[in-house]
Each structure stands twice: as C-alpha cells, then as structure tokens.
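In what follows, chains are A, B, ... by sequence order, proteins preceding strands, each numbered from 1.
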Amino acid sequence: MDSLKKIEEKWQNIWNFEANVDEKLKKFFITFPIPYVNGLLHLGHAATFCRAEFLARYKRLKGFNVLLPQAFHTTGSPIMAAVYRLKSGDKKIVNDLLMQHVDEKEIEKFKNANYWVDYFIPKAVEALKKLGASIDFRRTFITTDPEKSFTKFVEWQYKKLAKKDLIKKGKHHVVYDLKVDKVIGDHDRPDEFVDISYVEGYIIKFYLEDFIIPCFTLRPETLLGVTNIWVNKDGEYLLVKVDGEKWILPNTIVIDEIKAQEHMVEVINKIDIKSLLYKRVKNPYTNEEVPILPSTFVDTEIGTGIVMSVPSHAPYDYIALIDLNDEIAKKCLQNMKSLFALEGYSEYPARDVVERMKITSQKDKEKLEKATEEIYSKEFYYGITKVIFGKFAGKRVCEIKDEFANELIKKRLAIKHCTLPIRFHSRYGNKCVVRLIDQWFINYSNQGWKNLALECVEQMIFYPKEAKNEIIRAIKNMRDWAFVHKDILGTRFFLDKEWFIESLSDSTIYMAFYTVAHSLKNCGEENLTEEFFDELFSKDKEFNYWYPLDLRVSGKDLLYNHLPFMIFHHVAIFDRKHWPKAIAINGHVLINGEKMSKSKGNFIPILDVLKKYSSDSLRFLLAMNSYSSLNDMNVEIGKIDKIEEEIVSWYDFCLKEFGNDLKKERMIDKWFETVLNKALKECEVFYEELDFRNVINKWYELERMFNWYLKRCKTPSKKYVEYYKKIRSLIVYPIIPHIVSEIFEKLNFELKWIEVSKVDENYLKVEKYMENLIEDIKSVLKLAKIEKIEKIKIIVCSREKASIVKRIIESNLSYEEAKRELSRLFKTNINPEILQRFVETELEEVALKENLEFLREEFGVEVVVEKEEESKEEKAKKSFPGKPSIVVV
RNA sequence: GCGGGAGUGGCCGAGUUUGGUCAAAGGCGUAGGUCUCAGAAACCUAUGGCUUAGUGCCUUCGUGGGUUCGAAUCCCACCUCCCGCACCA
C-alpha cells in the first residue's frame, strides 16, 4: 500500500540509531550473527534478526541506551567456490544469481570474488534499512581484506591464544582432490555428494608367504570369524611396496589414498589376481589359514580393494559364498563361527537376514546394504561377545571394539585407515581421496579451558531454557578445531601465511569489535599493533561502557559451533565482567511448511517482499510466527495481505474521532482501562521472554475486548477509546514501529512505555460476572419453552449464604474438603468449581444496578433483580454468590 | 546409535512449568443467516455425540499402563515423525 510505504520512508529518514556512551543511561547491547554475503538476505535472516530488532526497540521504549550494530561475513569458501563454478560455466550458479535479480549482463563481473562482496553488501544494508532495522550503521564492517582493522583484530586474538598455548599443530583427515590440490568441502562437490564424510576403518594384514594381503574393514572385531578373503575377480591388482612391506593392492585410486595418508608407496609390478585365488593366507590374530576367493561385490576403489570374509555376521560374505558354491566355499560355510550373541537371531545373524529378505545373489546390492546396516547396528549396540573373545568376552561390541582394534595396532597386525564410503568426485571432476594433512588446531579439548567456558555458561541466561543444556553438552563434547584453510577469503594466519583463518574461527569475539569499529576506520595499519589492541580492550571508554554483550540472538544452526566458540574465546580473552550475558536461539524458517532453498524456488529475499508489502507487515508476520522454542517456525507468507489490511485499518481507526465525552465513569469503563493496563503488564513479560507471538495474540485480544466494550457500554467513553488507541499501538511499537510512530505523532502521544502500578482485579471480576450472567440468561431463554417472555428475574443470593461461601474459599480447602463442606452446609451436592465464580455481594449488587438497563436492551424484556430472602420463586434457593438464579416468565 | 524437539478436534496451532470453569484459546475451513442485482468482503450463529430451564452423560489431546476424588497436563513403557552429530557456513 502506497500510504504505508510513504509513512515508512518518512520515518526511516527521521530515525537515527547511532548509539553513544551515556553514563546516565542503562545500556543494552544486542547482536545478531554476521550473515554471509554470498547472496541476498532472505526471510530466514529477517526472522532471526527481527528478534534482536524487536527487543532493541522494546528496550529503547523502556529507557535503555541500546546498541544494535550489524557487520557482514565475507570469510570462507562459498564465494570462492561460486566463483569457480561460474568460471567453469555452471548453469546452476548463474541461475541462482538471476533468481536474485542480478542483471544478466552483470554475471560476468561475479567471476571476481570481490565483486560479490561489493554487490551483496549494499543490498544487505538496503534490505535492513527498508526493514526499518534500528542499527547503528557507523559500526558496520566486513571480515576480510579492505577492513584492515578487523583482520588485525583477528590476528591480535590469535596471538593471544597462541601465547596461552591454546593453538597447536597436528594431523587431520580431510576429503581431498589430489589433482587440484584442494580440500573438498561441501561447496566443492556436486550436490549429490554433499554431506558424505569419510569412514574410519582398519587395514588388517593377512600374510601370504612374505607378502601382505591388506584387508580393509570397519569391523576389526570380526577378525575371529574370518573364513576366507575376498578379492574382486575382475580387478587388476599390483604388488606394491608400502612402508617397506610388500602389499597386494588394486591398481586404482586406493593406492593414491594410502599414499595420501602418509605411507611410502612404490609400485613393484602387476600381479595376476587369478594366480592368487585359492591360495591360503594366515589370519594374523588366530594364525588360522584361510583361502583367497573370487567375488564380484568387492569394490576395488574402496579401502584396499580386498576384504576379509565373515559369513556368520556379514550378509555380503554369506551370500557370496553361496554364490560361489564350490567345494572350498562350502567348506568356508561349514567353518562359520558365531562371534556374538544377539537376541532375536540365531548363531548366524547374516544367514538369518539373507534368508528373511530373500536375498539371492551378491548382485542384489540394495537389499544387501539394508541387511548389512541392520546387522551392523544391532550387533554393535546389542551383540554380546562370546567366549572365543577371551578377555574381551561377555561384553557388548560397542564397549570392546576400540580396545580390540587398539590391541591389533599395538601388535602391528593392523593400521588405521580412512576411506570414502563411495568414491565420488569433486566439482573439478577428479576422484576424491581421504588425505591426512598437517593442520593447525584450536585446542578446545583443553579441560581447563572447557571448565572456564562452562563457568561462563552457568551465569548466562538462555532462551529457550533447553538451549542451555545443549550448549553445555556442545562444550563438553568439543574437540580440537582445525581453524585454518587454504584458498578462502579471510585473515592470513600469522604463523603460516599460506593459510587463512576460516570463517567460524574469525567470528568469535567480534561483538567486542563493534564497540570500537567506527573509531578504527581511518587507523593506519601500522598502528594496529598488539599493544594497541591490548590497550583498547582494557581501557577504551566505549568498550567498557557497551561490554559485556547483553544478548545474542541466533538461529539454532550455530548452537554446536559458533555459539560455543564465542563462549570459549570470550573466556580466553576477556575478564569475567566482560563475558556474554544471554543467548536467544530460535528454529529455522519454513515457508509454508517447507524448508527455504534456491533450488525449490521458495527462496524469498527480504527486498522482494518489501517491494510489494510494507516493512511493518513483514515484521508483524514474522512476530506472529516467531516461536520461543527450538522448533522451526513456519511462515505462512500468504497471510501478509490480511496483515497489511489490518494495519491500515488500525491506522484509520486511530485517526478517527471516536467516543463521547462522558461526565461519569462507569464500571465498564474502569473494566476496559483495567484490561488495557493488564495487557501492558503482560506484554512486558512477553518482551522480556522474547515471546513476540504472544504480543501479537494480545493485540488481537485487545480488539475483541474493545468490541465487547462497545457492545456492553453502548456509548463508549472518548477518554478510554483514546487510551485503547495508545495502548494497543504501544504494545506493538517494537514490531510495527513505522505506523505506530505515525499514529503517535498524529495523536500527540509520547512514545514511551507506560509503567502501570496496579491492576484492580475487581473490575475484571465484575465483568466476568456479567459475561457469565449474560451467557446464563441466553441459555435459559433458549431452553425455556415459553412462547412470549415478559420478564427476566435475577435472584441474588442472600448475604448470609455469601458469607458462608466466602469462609469456605478463605479456608483454602482442598477440592474434596470443599465438596464435603458444601454438601454439609447446603444439604445437596454442589460442584466446588462453582466457587470460582464467587463475587462479593456488594460488587454483585453494583454490577447489576449499573447494567440493568443494558440487560433490558440486550434481551428486549423487563429485567428485575430480587433478593433471595425476599423472592417467592422456588429457584431462588439455587442462587449462589456470583451465580444468581434466573427465572423467566 | 547418541543428543535434542515434537505427536492436540477437518486443518494450522495454544494449553503441559504450577493437575480442577478444558469438549480444549485463536486462526483457517465448512454450514446457515444478515447485507447485496449478484459475487467478494464484512458481521452474526453453529461446528465430537446424545441429552437438558442455565444441566447431565458418553467418546476425545500418538498407544498402553499407573498415580489421583480428578490427567492433554504428573510417572512408567512403547510407537511414529523432525533436526544435529563438525572442518562447513
């Protein structure tokens, strides 16, 4: 709507959210994580950001000096990966850009990584401004190169960590493309291979004379049940020297993979695998001799391309032996050894499941994978090792697996080895391997550091409460973190300039940087020394005023990485008084019940919404759907039209003269005032809890209350209509600030939260009484089989009865006791629930007196009030305090 | 598997901390009505079943038990669904 847009523009030009030190005012410092700017800000960002924004606005109403800054994240690989994809002519990335309204002619420019930053940051700022975000933009920065003060700040932080011995060098497994010499993260993979991680297994060395048959396995504990070895009969194998030993390996990528895991590998010559078939090799643990047999299911590109066969516990092995069906295979089946006891299965679970699933051949991959998964997981968690395991016997597999494997390694019968579950290729078209690389780690496993972090968590507040335990668990489970990568944007690592500090690791304490960011803009690089930052973060006035962080608002995706990191780094770098105070976490945003994604086509940039709708409407929609739990929030985007109308009609209503100047205040007026005051108080709690949904509910509830007020009073009081305009606007100011600012300006209200001292519950009680009475009369009328009603008699119970009932209530009896007492006193069974309708006789009388006229009009007949002791009606006796008898004649 | 969250009426969704006006807010939908040339919108009424002078009963909050005078709410067991388990922002 045009008018809303104009109003928004007006206020966005007037507003100024530059926050400055003011010792007289209490401060409140809120942050939202720095979004990564490889695309437009979308509704997911808006939903979480708005939680910070709403609270910031609320705190300002309450008189706080609020700082809400916003920077942008440019560190990491997504942009670099996108640039690569673009250069290699990937249509999908072009499409993504077009979808985000990038001009087709502009696409070329995105082949330069910096252009992404130059393009999307102004768009992000524009989106936030149009959203009406109350941000101090002077403090905005980015995390990479032109922003020297920030990269120097990161460097300062890591130097401090290094001095405290919290970073160290080590080895780390990664998925790697050897041809392009790169770590292959999700961004460097075709979509179908995203999320595939390497598997950790073992190579067990079986001996054939003086050379080794290396078998790769994920289940070293089944070594005791090996009946044979499998090779792929169509595979090409080589004799290879590995760390001085002679191994048989397939002529595939697995050789490169072994090499990549720091083994000396040298190919000696080809070997005809057929010449090895049926030869017997020695099980290094049991010294048993088992034959090498041909198969087709063994993948020569995984592990070592050779596996050991345990037909009792591995469906593949069992069915392959059945397939082979020769004398030796039959013998192997006879030699099956049962290793684990597993409830619900025979001695040979593999055979059970193959027969149950009717698997007929080793080619039946789909069923075999399922069967294998079933047996693996059940045996791992519930399988009990049999006597054959010696000192490992009688335990669950999961308990002894690692111990058993470690013994094999110690005895040099096996080595650890990682491989991929399927041999996929990178975006660059080459097959990937698992590689062991030198890495730098942040030493999060350091117990002393963890304890400090946990101490910090203890004194923090979390929204919702469940999140606290999650964070504690995350901290306890935290392992060392590889924190430098190559070929990404970011801050160079000062100990090794080839490497860059990756994006989760450079954004740990930057909230502190906000406090000084604007004053460092023109600081020469040479001045940004360690001493300079040391001084800054101990003595600086702004830092000491704004810090600590009062609230961080974040999506739940950061629960297990960024948020614990933030805590770890704060406790390492800053004094206790500067540790963060609170974290609010919310679920992800679903659009009409679906996850938002570019490929699904339901990716909605903030700017797109604001092109058509007002910011207030969007903010309202997000507040309405916001949850104060870790659950995902479902945004029904279609509702925004209706919201837009509601906002406009509220605005129109506010500007209209409404109500009469009344000389006398009625009970119903006081009731309405009480309702409004109560709403105000309730909303305070909602805001403090970041429960914006309930604020919205309150907004709707007030409308219903107002309608009731109109209905009940017939002539509304202008004074209270004005108060209604004010309160109903005020409670949603943080959510829809533009329109409320306009309303307040037009009506000449002061924009400030109203502190309500007391809420007189009696007015609410009286009105509830009236509501019940009206309901009751309606029911009676409906049921009365009287053609023409002349009169309604309302018979109020006697004072005597009322005082008896009051005594029962005041003596705070249990339900049962109250019931007994009531039946004793009134000689009949009375449901104690009626006590909740109790109203003092005086109030009852006043209420009836004031509302008699209303009741007459409402029901169109004469209404009279009688007292129980004076009434001749039989039903008079049934009257109760708060629930008079009703007789229609 | 571990950890977290969740299962409520035709649908969406509150209520669960602190058991009792909870046959369960609010919204959507549906049916009837008012208004209109008509439609849309808006407003009113109804919306588990059977009853009824303002009532009572039955069935119902994933399933099955339990505690209690009383359970959507507390306890136990089970079933189902969603999310996270890292080098990636």
Side-chain angles (χ1 to χ4, degrees), chain A residues 33-38 73 75-79 81 172-175 183-189 194-195 197 376-378 380-382 398 437 439 441-442 444 464-467 469-470 473-474 476-485 488 502-505 507 555-562 564-565 587-588 590 592-593 595 624-625 627 629-632 634 636 638-639 642 645 649 693-694 696-697 700-701 704 707 768 772-786 814-820 831-837 875 878 882-888:
Chain A
I34 43 180
Y36 193 77
V37 284
N38 61 338
H73 213 180
T75 310
S77 57
I79 288 179
H172 185 54
H173 287 283
V174 288
V175 177
V183 177
I184 302 302
D186 282 346
H187 295 293
D188 306 302
R189 304 179 190 186
V194 159
D195 272 345
S197 188
Y376 272 30
S377 78
K378 286 210 171 147
F380 182 69
Y381 293 104
Y382 306 113
C398 54
I437 58 169
Q439 246 294 8
F441 292 88
I442 304 175
Y444 291 132
K465 290 194 283 291
E466 304 90 273
N469 287 332
E470 284 295 286
R473 224 171 41 80
K476 284 187 176 162
N477 292 342
M478 191 71 75
R479 287 185 272 159
D480 293 344
W481 182 265
F483 75 98
V484 289
H485 292 170
I488 60 167
E502 62 84 38
S503 59
L504 284 166
S505 304
S507 53
K556 68 177 170 188
D557 44 337
L558 302 181
L559 224 163
Y560 303 97
N561 44 50
H562 165 72
F565 285 15
H588 293 139
L590 303 177
N592 301 327
K595 219 171 184 166
M624 188 158 86
N625 291 294
Y627 290 146
S629 80
L630 294 177
N631 281 356
D632 289 346
N634 185 21
E636 286 173 63
K639 283 189 176 163
K642 211 177 157 196
E645 283 173 27
S649 74
R693 166 192 284 241
N694 266 321
I696 299 296
N697 282 348
Y700 283 120
E701 190 185 310
R704 288 196 297 275
N707 287 335
K768 187 76 203 169
N772 283 332
L773 181 63
I774 293 165
E775 277 301 302
D776 287 349
I777 294 174
K778 273 188 190 163
S779 312
V780 174
L781 288 176
K782 209 163 129 194
L783 296 168
K785 294 183 180 72
I786 299 172
S814 74
Y815 188 83
E816 268 309 291
E817 289 165 332
K819 193 172 174 183
R820 238 178 290 130
N831 190 339
E833 277 159 28
I834 201 170
L835 295 176
Q836 295 180 35
R837 281 181 66 163
K875 282 201 75 188
K878 280 196 158 185
K883 193 169 187 291
S885 292
I886 296 157
V887 176
V888 298

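Taking every side-chain heavy atom of V888(A) into account, A53(B) is the closest of A53(B), G54(B), A89(B). For V780(A), the listed nucleotide lying nearest its side chain is A53(B); candidates were A89(B), C88(B), A53(B). In the set G54(B), G3(B), C88(B), the nucleotide with an atom closest to the side chain of S885(A) is G54(B). Here the nucleotide nearest the side chain of W481(A), chosen from A86(B), G54(B), A89(B), is A86(B). Side-chain proximity of I886(A) to A86(B), G54(B), A89(B): nearest is G54(B).
In terms of position along RNA chain B, the nucleotide closest to K465(A) lies nearer the 5' end than the nucleotide closest to the other residue of the pair K465(A) and Y560(A). Annotation: of the two residues near RNA chain B, N772(A) and N477(A), the 5′-most nearest-nucleotide partner is N772(A).
For RNA chain B, if you chain together Watson-Crick or G-U pairs that step i with j, i+1 with j-1 and so on, the runs of at least three with distances under 3.5 Å are B:1-7 with B:79-85, B:10-12 with B:26-28, B:29-34 with B:42-47, B:48-50 with B:56-58, B:62-66 with B:74-78.
Rounded to the nearest Å, the gap between the P atom of U73(B) and that of G15(B) is 15 Å. Atom P of G9(B) sits at a distance of 13 Å from the matching atom of U60(B), rounded to the whole Å. Distance check on atom C1': C58(B) versus A23(B) gives 12 Å, rounded to whole Å. Between A24(B) and C2(B), the distance separating the two P atoms is 41 Å to the nearest Å. A distance of about 22 Å separates the C1' atoms of C11(B) and U16(B), rounded to the whole Å. Between A14(B) and G27(B), the distance separating the two P atoms is 15 Å to the nearest Å. C22(B) and G48(B) have their C1' atoms separated by 14 Å, with the value rounded to a whole Å. Nucleotides A86(B) and C74(B) have their P atoms positioned 33 Å apart, rounded to a whole Å.
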Atom pairs under 3.5 Å, N or O on each side, protein against nucleotides 22-30 of chain B: can you list them with distances?
from, atom 1, to, atom 2, distance (Å)
C28(B), OP1, K642(A), NZ, 2.9

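When the side-chain nitrogen and oxygen atoms of S77(A) are compared with OP1 and OP2 of C88(B), none of them lie within a distance under 4.0 Å.
Using a 4.0 Å heavy-atom distance criterion, H172(A) is classed as a base contact. Base contact: P884(A) has a heavy atom under 4.0 Å from a base atom.
Between the P atom of A86(B) and the CZ atom of F565(A) lies a distance of 13 Å, rounded to the nearest Å.
Contact check on R473(A) versus E470(A) returns a salt bridge, with a Lys/Arg side-chain nitrogen under 4.0 Å from an Asp/Glu carboxylate oxygen.
Within the model, atoms CD1 of I79(A) and CD1 of I488(A) stand 11.5 Å from one another, a figure rounded to the nearest 0.5 Å.
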